Amino acid sequence: MSGDGDLPPVMLPSGRTLREPAARAEAKAPAAPPLLELRGLSVEFPTRRGTVEAARNINLVVNAGEVVGLVGESGAGKSTIGNAVIDLLERPGRVSAGSVRFEGEEIRGRTEAEMRRIRGDRIGMIFQDPQTSLNPLMTIGDQLAETIAKTTGLRGPAALARAAELLQQVGIGEARARLKSWPHEFSGGMRQRVVIALALAGDPDLIIADEPTTALDVSIQAQILDLIKALCRERKLGVIIVTHDIGVIAEIADRVAVMYRGEIVEEGPVAQILGAPRHEYTKSLIAAVPRADRKLHRFASVDYIEGGASAARRIDIANHWLGRSESPKGTGVAVEIEHLNLSFVLQKALLKKNRRMLKAVNDVSLTIREGETFGLVGESGSGKSTVARLLAGLYRPDSGMIRVLGQDVVTNPRAPEARRARRALQMIFQDPYSSLNSRMKVLDIVAEPIRFYRTTGSEEETRRVVADLLDHVGLGAAAALRYPHEFSGGQRQRISIARALASRPRILICDEPTSALDVSVQATILNLLKDLQEELGLTMLFISHDLPVIRQMCDRVAVMRHGAICETAETEQLFAAPQHDYSKHLLGLMPSMELLGPTGL
Amino acid sequence: MLAFILRRLAQSVLVMAVVSVISFSLFNFVGDPVNNMVGQDATRERRAEIRLELGLDDPILVQYARFVGNILSGDFGISYRIKQPVDDLILERLPATLELVFVSAIIALVFGISLGVYTGIRRDSWISRLVLSSSLIGVSLPTFIIGIGLIYLFAVHLRWLPSSGRGGVVDLGFWKTSLLTVDGWRSIILPAITLSLFQLTLILRLVRAEMLEVMRTDYIKFARARGLSERSINFVHALRNTLVPVVTIIGLNIGGLIAFSVITETVFQWPGTGLMFIQAVDFVDVPIMAAYLVFVALLFVVINLIVDILYFVIDPRIRMGGS
């Protein structure tokens, strides 16, 4: 704690200039205690089947003016630590051992009333999803004023004035007017700014940010990270950033702690951890991060996490069931899209001029060659998924032409030739949880297209084919008799891939297939897709918002924005020399990976 | 918002038109109105006279137009049995029903919401468990059994409260109320509880389920992380967010209270419109049945209109979508 002289220009309301611990810290100046110090912290969740230790023997120090990253994959226990510090663990979780010292004082085991004075006043929290962090039925101003009243005692107009100041500080213009806005009137990035303003309302010394940018687009992510960094420097805040994203860590953190299965396996300055990791897990994790700076043939294996990667035997396409496709023979071009347009009606009205329309796809033309992986990249709302859905026939275009394997599928979508062409085209969706019917066995999920199209001679053959497919996507034939909920996200995505393959497709549309997955799982799924493509000679349309992933997967890329394509280029060319201004802008936003060493490549 | 209300009003008019067709058709399909008025042994001339008098020989559309016109001017015809204007009969009995419904709605709302919030927040306390298990009784027992049980316990066995009637009634000129005398209050307690019990448990369980849902949301967690007080979190942040579905159900259920009051009024011999309706059914008194039908439908439509307007007040997101 280096004194309050460095506080931002906005001074605290009178009567609350120096805080007690800070004063004491200055009294015995040289050996000031760290802002937050966790010693031997353990958190357990008692369940019916015994106690689960979510965090074990955690030691962590956060100093004022420092950003500490807490990185790990889902289930590693990183959010648990943040919640344990402010004593907001989900029931029945509890801190079972260790100490939490904040500004030199033990705060573990305080009463609820005492903790309430610490929360918001001295430790602020920022949560992942700004869409859900704000009460939808209260105006921004009311929510801020309520928190300000609680933390500073200011009420009425004074609280609203302070609220406007806070909004200004987090970069929201016309702050006074916006106090009367409701949360749904803000975009995601703006809401996250409001959330940050709320966390700052009590002028805390420590901010715990739990995945603060995960739900945001890259360009917004960069802004929010810059804001957090600036606030940290300006106010001498201590910040803990909890994230699964190595890119975020590289961007913002001073020090990193890597968590794996409830333990911190390695901790140190960010350059050392990312550049020269010592622990095996950290090495695997960093090797699994898609690199934006160079293209690799495959992702390095991540054995430490997934166990021994199953070496699926290769398919000889000439003799295999998968090779006996009835789809039309191609002419070197898999998909041709010409001047495609689609508008959605935002607001219905009787008169045409009163209708509000959104041009979701605006004069899009592209050609996908047979056997290549074509990338579509853009931020949310850019229309990339809509193009995929149009191609798959889930929407009908307003105008334009789509040819799949040379066959027009727009003019008469019900014609037998169009149906046969469409059958050669299968989709893999983003969310592996909602895209599988949880009441069907994996066998039935994968066999459904086979049974529907009657592509096998008998039920016995169907089962053999399903077993073979499951084996091939790395799940093993035994998976057929289980239900989707018994599988993890990555395994479910493998089921989706097996289901897509069961129609013997020639073209796969992958709509953000890995954005819901952990980075190590993402690496194995992307490797699987690459292998399948090589073996089966598949054509892929690969949709992602993640430029590094695009670089690893795609041969050619189209950059989309506002429903239109800005630029189509060879992948390497795009990354080396982007032509369009927006492509340059997007590439500039990628978190820098300079710190990452060549580990595991 | 105005456009939204106008649209809803137009829909309401449509609903009422359909209901009026149904209640009009009662006259022609439920028995022969002439027989009902003069009995089996009237002469042929007398029958023809009455047919002419009632306009029963006119084309059906003319008859319907006359029916609607009469309704709009508040004329529901004359009861076959009591030989009095139906609108007078209804107006005379309406206060009793409305007071009963009003008191039981208040009971259901106050206890339903407060117990729902309590059991939602302290879901593991023994009081919550007790409330929840006893609420099953309210859902599962039919109204008349509860009514008879209450009469047996409080009126017959303990002799604390009267078992039937309205007790002391004060005539305010336009409205006969039983809420101004002790005797009247003593009389309304049992029927009001009987009528409210089902709705109370429904509201309780709905509010509790919604509370549990809302308590899990991120904004409640975020409110906690800002150190806001429990009271503010529970009643400012959580309760209001549970209200949209709760208001929907409550709106429909107050209509349900009026409909269910038929049974309660019969059990407690409560002199309201429900009891009148049951008696009318016994004697095929079509004008009363038709008028009751129109009247209940009108109440439902009005209540739903109010509910729709309440949505606007509660949830700003609906406000934006509608305007």
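Chain naming here is simple, since letters A, B, ... match the order of the sequence lines and numbering starts at 1 in each. Because the structure is a prediction, the values reported are computed rather than measured.
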J.: If you tally heavy-atom pairs under 4.5 Å against chain B, which of A:L88, A:L137, A:I86, A:T132 wins?
T.: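 Of A:L88, A:L137, A:I86, A:T132, A:L137 has the most heavy-atom pairs under 4.5 Å with chain B.
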
J.: Among A:M125, A:R116, A:M138, A:Q128, single out the residue with the greatest number of heavy-atom pairs under 4.5 Å to chain B.
T.: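 Result: the option with the highest number of such pairs is A:R116.
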
J.: A:G120, A:A201, A:S133: which one forms the most heavy-atom pairs within less than 4.5 Å of chain B?
T.: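 Heavy-atom pairs under 4.5 Å are most numerous for A:S133.
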
J.: Answer yes or no: is there a side-chain heavy-atom contact under 4.5 Å between A:L134 and A:V195?
T.: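 Sidechains of A:V195 and A:L134: in contact.
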
J.: Is any side-chain heavy atom of A:I118 closer than 4.5 Å to a side-chain heavy atom of A:M115?
T.: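 When only atoms from C-beta onward are counted, A:M115 and A:I118 do touch, with a gap below 4.5 Å.
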
J.: Could you tell me whether the side chain of B:M215 reaches within less than 4.5 Å of the side chain of B:N234, counting heavy atoms only?
T.: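 Heavy-atom side-chain distance check passes, below 4.5 Å.
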
J.: Does a salt bridge link A:R117 with A:E114, judged by any charged N lying under 4.0 Å from a carboxylate O?
T.: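 No salt bridge links A:R117 with A:E114.
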
J.: With heavy-atom distances below 4.5 Å as the criterion, would you say the side chains of B:V13 and B:M16 are in contact?
T.: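 Heavy-atom side-chain distance check fails, nothing below 4.5 Å.
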
J.: Would you say A:E106 has more than 12 foreign heavy atoms packed within less than 6.0 Å of its CD?
T.: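 Yes, because the 6.0 Å sphere around CD of A:E106 holds more than 12 heavy atoms from other groups.
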
J.: So which residues of residues 104-124 of chain B are in contact with chain A at a heavy-atom cut-off of under 4.5 Å?
T.: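 The residues closer than 4.5 Å to chain A, in numerical order, are B:R123, B:D124.
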
J.: Can you say whether the rings of B:F67 and B:F24 are parallel (under 30°), tilted (30 to 60°) or perpendicular (over 60°)?
T.: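 Ring orientation, 0 to 90° scale: tilted.
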
J.: Heavy atom to heavy atom, less than 4.5 Å: which residues from residues 140-150 of chain A reach chain B?
T.: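 Interface residues of residues 140-150 of chain A: A:Q143, A:E146, A:T147, A:K150.
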
